[in-house]
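What follows is a short report on a single structure.
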Amino acid sequence: MAERSGNGTAPLVRIFGRPGSATAYAIRDYLHRSDVPFEWVQLVTDEQARSQAGVDQLQDSRLPVCIFADGTRIECPTIRQITEKLGWFRNPSRSEYDLAIYGAGPAGLSAAVYGASEGLKTVLIERSAIGGQAGTSSKIENYLGFPDGISGAELAERAREQACRFGAEILLAREGVRGEFSAGKGTGYLADGTKIVARSAICATGVEYRRLGLPNEEEYFGAGVYYGAGASEAKLVKGAHVLVVGGGNSAGQATLHFAPLAKRVSLVIRGESLKSTLSQYLVDRVFAAPNVEVITRTDVAKLGGETFLQEVTLKHRDTGQESKINTHWLFVCIGGDPHTKWAEEVGIVRDDAGYLVTGPDLLHAGQRPANWPLDRDPYYLETSVPGMFAAGDVRHGSVKRCASAVGEGAMAVAFVHRYLANG
Ligand SMILES: Cc1cc2nc3c(=O)[nH]c(=O)nc-3n(C[C@H](O)[C@H](O)[C@H](O)COP(=O)(O)OP(=O)(O)OC[C@H]3O[C@@H](n4cnc5c(N)ncnc54)[C@H](O)[C@@H]3O)c2cc1C
């Protein structure tokens with residue numbers, strides 16, 4: 001079976017792998033979010049593995065194999081190797097920047113566009129693909145200026161191009177893991193040992209998808225269980241029964257994206273109805289789709305299957321009654337949590353859920369946070385460390401929308417200027 005992604009453009013990469021391969025999923029997801037056309041060739045017999053991928057058998061550890069348009073072959077590649085092959089992996093060009101931005105979702109990309117266009121030496125660090133959560137959306141319909149909607153991957157790619165055109169440096173496949181701050185300077189340490197020194201920083205690291213909390217869940221990640229809308233997988237669900245968990249807009253979008261190809265889509269929600277959690281335009285479309293059912297007051301109780309997901313057990317919240325569904329496709333869209341442990345380690349104030357607290361929210365009865373060293377209040381969007389700002393979903397009290405993340409990215413840059421000028 002071969003499936004193409006990328007609007008009919010000739011594939012830049014062909015991926016050969018076995019069904020349920022988590023590594024192959026990670027590669028498809030990365031390429032899809034990066035708007036790179038690829039072809040996925042699913043191998044199901046030893047003979048196919050030999051003749052098409054040039055390995056000994058289907059269980060060969062060299063799978064998945066990626067073949068690039070120039071003939072380069074990489075066996076079982078990491079995301080970093082793919083980034084390198086695409087020519088996107090780079091080292092920082094400066095020993096010091098005016099602004100370092102962590103996270104290239106809508107907030108980080110917007111901050112990069114505004115920072116670089118306003119003359120700041122700007123670096124944007126992203127641990128995976130550009131676009132963040134938005135990059136996984138099949139169609140964003142409420143973002144200003146796109147009346148017919150735009151795919152998250154395309155929106156992100158446009159923003160990347162814009163940021164680069166203004167001179168922002170983008171470091172992909174690099175994860176910020178630790179920070180150190182001293183007066184007028186911050187140092188970010190990346191997972192690969194690289195150090196980024198900057199006079200100011202914006203944390204735009206968004207949220208991590210929330211897990212269901214089932215004991216064997218990680219086993220199936222990328223092998224039947226997917227987090228977010230799984231835009232890269234949509235073409236593969238042809239004729240299948242797909243389960244989507246969650247009552248928010250991302251779950252609604254995912255459901256509608258799968259419905260035209262799937263045999264049936266079951267949207268599983270904990271509440272009584274979708275009305276209070278889903279935008280009305282999505283509610284209307286979900287109920288109009290003939291092959292979509294909404295299963296209310298229900299949780300996912302168990303996952304089963306040998307090498308990949310084969311069975312999902314649902315449990316009704318009121319009756320306790322269980323039912324089993326045979327499926328290879330479970331998409332979990334139940335929101336996310338910020339991963340800001342690093343901030344706690346350096347004393348940046350977070351709320352109980354881990355979101356970064358900024359600006360006026362840091363003041364208690366007019367008092368500035370303990371250890372705040374300056375004779376002024378924190379600027380709006382500034383964290384409890386001067387010169388370190390937060391924008392988008394990672395920020396306490398943020399709105400969790402593309403447009404607001406983009407707006408906060410732009411606003412944070414305005415405060416960065418103020419900080420660099422006046423301290
Ligand atoms: C499927 C889906 C559909 C959606 N549809 C819509 C919609 O139609 N309309 C709408 O308005 N909103 C929509 N949203 C919500 C919207 O996408 C988010 O509110 C928005 O993406 C938040 O942007 P952000 O930049 O703050 O964070 P994110 O988008 O979460 O981006 C954060 C980025 O930071 C990176 N990162 C995290 N930690 C590190 C680190 N340590 N080092 C380096 N990089 C790091 C992540 O990899 C990620 O790329 C949708 C969300 C989802 C999941």
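Order of listing sets the numbers, starting from 1, for every ligand and every atom in it.
Taking atom 33 (C) of ligand 1 as the reference point, the nearest protein heavy-atom neighbour is Glu126 OE1, 3.6 Å. Among all non-hydrogen protein atoms, the one lying nearest atom 27 (O) of ligand 1 is Gly206 CA, 3.4 Å. Atom 26 (O) of ligand 1 has its closest protein heavy atom at Asp393 N, 2.8 Å. Atom 52 (C) of ligand 1 has Ser250 CB, 3.7 Å as its closest protein atom, hydrogens excluded (heavy atom only). Shortest contact from atom 39 (C) of ligand 1 to any protein heavy atom: Thr205 CG2, 3.5 Å. Nearest non-hydrogen protein atom to atom 5 (N) of ligand 1 is Gln253 NE2, 3.0 Å. The protein non-hydrogen atom at the shortest distance from atom 25 (O) of ligand 1 is Ala107 N, 2.9 Å. Nearest protein heavy-atom neighbour of atom 11 (O) of ligand 1: Cys402 N, 2.9 Å.
Atom 48 (C) of ligand 1 is flagged as protein-proximal [any protein heavy atom, distance under 4.0 Å]. Atom 9 (N) of ligand 1 is approached by the protein to below 4.0 angstrom, counting heavy atoms only. There is a protein heavy atom less than 4.0 angstrom from atom 37 (C) of ligand 1.
Close approach of ligand 1 to Tyr209 (heavy-atom distance below 4.0 Å) involves ligand atoms 53 (C). Close contacts between ligand 1 and Arg174 involve ligand atoms 43 (C) [criterion: under 4.0 Å to a heavy atom]. Close contacts between ligand 1 and Thr136 involve ligand atoms 1 (C) [criterion: under 4.0 Å to a heavy atom]. Residue contact check: Ala204 has heavy atoms under 4.0 Å from atoms 32 (C), 33 (C), 34 (O) of ligand 1. Each of the atoms 19 (O) of ligand 1 lies under 4.0 Å from some heavy atom of Lys400. When each atom of ligand 1 is checked for a heavy atom of Gly103 under 4.0 Å away, the hits are 33 (C), 34 (O), 35 (C), 44 (N). Remark: ligand 1 atoms within the under-4.0 Å shell around heavy atoms of Ser137 are 3 (C), 5 (N). Interface of Gly392 with ligand 1, defined as ligand atoms under 4.0 Å from a residue heavy atom, comprises 26 (O).
Annotation: cation-pi geometry satisfied between Arg211 and Phe221 (NZ/CZ under 6.0 angstrom from ring centroid, within 45° of ring axis).
In the displayed structure, Asn371 atom CG is contacted under 6.0 Å by at most 12 heavy atoms of other residues, nucleotides or ligands. Crowding of Phe68 atom CZ: a count of heavy atoms from other residues, nucleotides or ligands under 6.0 Å exceeding 12. In the displayed structure, Arg270 atom CZ is contacted under 6.0 Å by at most 12 heavy atoms of other residues, nucleotides or ligands.
At a heavy-atom distance under 4.0 Å, only side-chain atoms of Ala405, from C-beta outward, approach ligand 1.
At least one N/O-N/O distance between Arg401 and ligand 1 falls below 3.5 Å. Residue Gly176 has at least one N or O atom closer than 3.5 Å to an N or O atom of ligand 1. Checking only distances, Lys139 never comes within under 3.5 Å of ligand 1, N or O to N or O. Taking only nitrogen or oxygen atoms, main chain and side chain alike, Ala229 does not reach within less than 3.5 Å of ligand 1. Considering backbone and side-chain atoms alike, Arg127 places an N or O below 3.5 Å from some N or O of ligand 1. Between Asn142 and ligand 1, at least one pair of N/O atoms sits closer than 3.5 Å.
Contact check on Glu141 versus Arg285 returns a salt bridge, with a Lys/Arg side-chain nitrogen under 4.0 Å from an Asp/Glu carboxylate oxygen. Arg127 and Glu208 are joined by a salt bridge, as a carboxylate oxygen and a charged side-chain nitrogen come within less than 4.0 angstrom of each other. Taking a cutoff of 4.0 Å between a charged side-chain nitrogen and a carboxylate oxygen, Lys85 and Asp70 qualify as a salt bridge. Ion pairing of Arg80 with Glu84 is present here, as a side-chain N (NZ or NE/NH1/NH2) and a carboxylate O approach within less than 4.0 Å. Of the charged side-chain nitrogens involved, at least one lies within less than 4.0 Å of a carboxylate oxygen, so that Arg73 and Glu75 count as a salt-bridged pair. A salt bridge does not link Lys400 to Asp393: none of the charged side-chain nitrogens sits closer than 4.0 Å to a carboxylate oxygen.
Scanning Gly335, Gly105, Pro106 for the heavy atom closest to atom 23 (O) of ligand 1 points to Pro106. The closest heavy-atom contact to atom 29 (O) of ligand 1, among the options Arg395, Arg33, Gln133, comes from Gln133.
Taking a 4.0 Å cut-off on heavy atoms, Ile125 registers as neighbouring ligand 1. Residue Trp342 places no heavy atom under 4.0 Å from ligand 1. Within the structure, the closest approach of Glu408 to ligand 1 does not fall below 4.0 Å when heavy atoms are considered.
With contacts defined as side-chain heavy-atom distances shorter than 4.5 Å, the pair Val207/Asp337 does not qualify. Taking the side chain as every heavy atom from C-beta outward, Asn291 and Phe258 never approach each other to under 4.5 Å. Between Val385 and Val346, every side-chain heavy-atom pair lies at or beyond the 4.5 Å cut-off.
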| task | Could you please spell out the steps behind the salt bridge (Lys or Arg N to Asp or Glu O under 4.0 Å) verdict for Glu344 and Arg350? | result | CA-CA 7 Å; Glu344 189 185 26; Arg350 307 184 308 159; 3.4 Å; yes
| Are Glu126 and Arg160 close enough, and set up right, to give a salt bridge (Lys or Arg N to Asp or Glu O under 4.0 Å), and what steps lead you there? | CA-CA 12 Å; Glu126 166 58 51; Arg160 186 198 63 79; over 6 Å; no
| task | Apply side chain to side chain donor-acceptor pair (under 3.5 Å) to Glu169 and Ser93, showing your working. | result | CA-CA 8 Å; Glu169 214 168 281; Ser93 69; 2.4 Å; yes
| query | Can you list the steps and then say if Tyr226 with Asp29 is a side-chain contact (heavy atoms from CB on, under 4.5 Å)? | reply | CA-CA 10 Å; Tyr226 306 90; Asp29 181 54; over 6 Å; no
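Separation of atoms NZ (Lys235) and CG (Leu261) is listed at 9.0 Å; rounding is to 0.5 Å.
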